[in-house]
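Report on one structure; see the data block that follows.
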Amino acid sequence: MNNAQIAGTFEQLADLLEFQGANPFRLRAYRNGARTIRDHSESIESIVADDPSRLTEIDGIGKGVAEKCVALIETGEIAQLKELLDEVPKSVLALLRIPGLGPKKAAILFREMQITTLEQLQAACEAGKVRELKGFAKKTEELILQGISIAAAANERIFWALGDEIATAMREHLRPCKAISQLELAGSYRRGKETLGDLDVLVVATDPQTVMNHFGEFPDIEQTIGRGETKMSVRLSNGFQIDLRVVPEESFGAALQYFTGSKDHNVVVRSRAKQRGLKINEWGVFNATTDEYIAGATEKDVYAALDMPLFPPELREARREFDLAAEGELPRLIEIQDVCGDLHMHTTETDGKATILEMMAAARAQGLSYIAITDHSQRVTMAHGLDADRLRRQWEEIDDLNQRHGKAFTVLKGIECDILEAGGMDLQDDVLSEADWVVASIHYGQKQPRSQITERIVNALKNPYVSCIAHPTGRLLNRREPYDVDIEAVFEAAKTHGKMLELNANPMRLDLNDVLCAAAKKYGIPIVISSDAHSTDGLAVMRYGVLQARRAGLTSSDVANTRTWSQLHKLIGKPVDQDDQVV
DNA sequence: GCCGTTTTCGGCCCGACTGTTTTCAGTCG
């Protein structure tokens, strides 16, 4: 059972308990535990197998959650959860996904009317029965009916890249509004989370109503969810929600800090404030007893008032940022300008849309100094993958190109070589040995059992000519789960054989993810951020990869392709010392 | 249920907005 599945079980436990009106702090403990487990790089199952007492050493996991982890792994279930499911059918959890319907109201519907499914709820609303319940009325009934279609539309979180398009359009839309003096997009968008559930727009203005009127004219708004003195929420036709907050200048930093989150990060920040006799909210930092305003105009001021550094938004997840700050080791995160090469891309020779020359020109225009052409190998028949002959002919073309263009820019002879279903590489070693750069990847047999997939990847890492594993877990956001792979075994093998791991920058992949990149960094494994571009435009996705790398706390020295090719080349095949930082 | 540079018991972040109410509970972020 992997960490995500264990975390999911605890989340379900918390949801059901919330439905029953359990102590909210107990719920938070379970939810914190779930998040901690999901973010933990070492597998909980292997910790339990090794020494269960190590579980409570993890911050946020106490005796209760640890015992339930052990029971879950050893017996496949948690007794308490089983009992709960006997009392409350799992389907009621769907009711909680309706906007505006929380655990209290859902519990009343279940208790008073035995409603357990969305269909039953819809029928009851349409029959006008729900409005008869205490605490409900006509408006609530209408809201529920509206909400059911939203919940049923299964509006999943959108890719950061799409959120960025909406954010940019919103910025443009608000630009002519004279009442606005400052504007920032906060929330998970600012933290660079791989998917977004909504967008938070924060502005400074003296006349909030004018701003709200202008905001309300953004195209594609289907519904205004709410509008008050300082806050307005709308829903777009695709179901995506945008929240607007208007604050005065002296509160901008406090509001930005607050609405950037994450929620868990803010819980810690506020408890720190409390310990210092301060109170912090979206309006500023105040003396808790006198209410005297202390700070709030900038985020830096807000954190400084709490003796904390300005955390990069990408790190604000209540993971390790507070410990790192306390030790004065908050990393200086990688930036897009640090990247000087791109080591994974395709051309018209297989499934790409541009020639080598076109890719080269586009990469140069982006300020890169080298690229690797890594078309697919023969096994990927759909993409017309390369056999040894075609590959060698492509490499001759690259040699010619490099000779003609001198030393200012280098095109590397590469290949994305498939790791075959039965194990082994798709091209012979004598071919691979002639390459400058070999990325190995899995495209077939993704559903194989854990041991088999792991063995395939580990063996690829042992191959002396392989440089890097591409998209190491195979996940596609919102579409495909990662392969069942023992990632720690992959890390061990990469470390031992001096190989690198890719952070595929495609916004649908972002693989390795932030948590695994951070874990790879601990092992000292260099990360390669690659576009996996199939067109000249595709090269631009690099920035999404950099954003994910920042969330992992990576610095430019943790990322291999911030080096020149000649520096990077020397790193390949050099085993990493456990305590050795990559330089 | 978790946790401790005040604490092993007693706390646990805080405010905006809505709807159903006559002063506030529920929901959300």
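Computed from heavy atoms alone, side chains included, the values below leave out hydrogens, waters and symmetry copies. Predicted model, so just to flag it, every value in this text is computed and none were measured. Note on naming: letters A, B, ... go to the chains in the order of the sequence lines (proteins, then strands), and numbering restarts at 1 for each one.
- Comparing the same atom, P, in B/dC3 and in B/dC13 gives a spacing of 14 Å after rounding to whole Å.
- Atom name C1', nucleotides B/dG29 and B/dT23: the rounded distance is 24 Å, in whole Å.
- Within the 4.0 angstrom heavy-atom criterion, only backbone atoms of the sugar-phosphate kind lie near A/P103; the bases stay farther away.
- Taking a pair to require two hydrogen-bonding distances under 3.5 Å in either a Watson-Crick or a G-U wobble arrangement, B/dT8 remains unpaired.
- A salt bridge links A/R319 with A/D514: the closest approach of a Lys/Arg side-chain nitrogen to an acidic carboxylate oxygen falls below 4.0 angstrom.
- With a heavy-atom cut-off of 4.0 Å to chain A, the contacted part of DNA chain B has its first and last nucleotide at B/dG1 to B/dG29.
- Nucleic acid contact class of A/D264 (heavy atoms, under 4.0 Å, all strands): none.
- Between A/H265 and A/F322, the ring planes lie parallel to each other; the angle is under 30°, not in the 30° to 60° tilted range.
- Within 4.0 Å of A/S233, counting heavy atoms only, lies no atom of the nucleic acid at all.
- Going from the C1' atom of B/dG1 to that of B/dT6 covers 22 Å, rounded to whole Å.
- One P atom belongs to B/dG26, the other to B/dT21, and the distance between them is 13 Å to the nearest Å.
- Nucleotides B/dT20 and B/dT27 are separated by 14 Å at their C1' atoms, to the nearest Å.
- At a threshold of 4.0 Å, the pair A/E18-A/R26 does not count as salt-bridged, since none of the basic side-chain nitrogens sits closer than that to a carboxylate oxygen.
- When the options A/R475, A/R509, A/R551 are evaluated for a salt bridge (charged side-chain N to carboxylate O under 4.0 Å, His left out) with A/E194, the one that passes is A/R475.
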Under 3.5 Å, side-chain donor or acceptor atoms of residues 177-184 of chain A against the rest of the protein: list the pairs with distances, not counting sequence neighbours.
{"residue": "A/S181", "atom": "OG", "partner": "A/V204", "partner atom": "O", "Å": "3.4"}
{"residue": "A/E184", "atom": "OE2", "partner": "A/R171", "partner atom": "NH2", "Å": "3.4"}

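- Partners of A/R175 under the salt bridge (charged side-chain N to carboxylate O under 4.0 Å, His left out) rule, at least two apart in sequence or in another chain, are A/E172.
- Separation of the C1' atoms belonging to B/dC17 and B/dC12 is 25 Å when rounded to the nearest angstrom.
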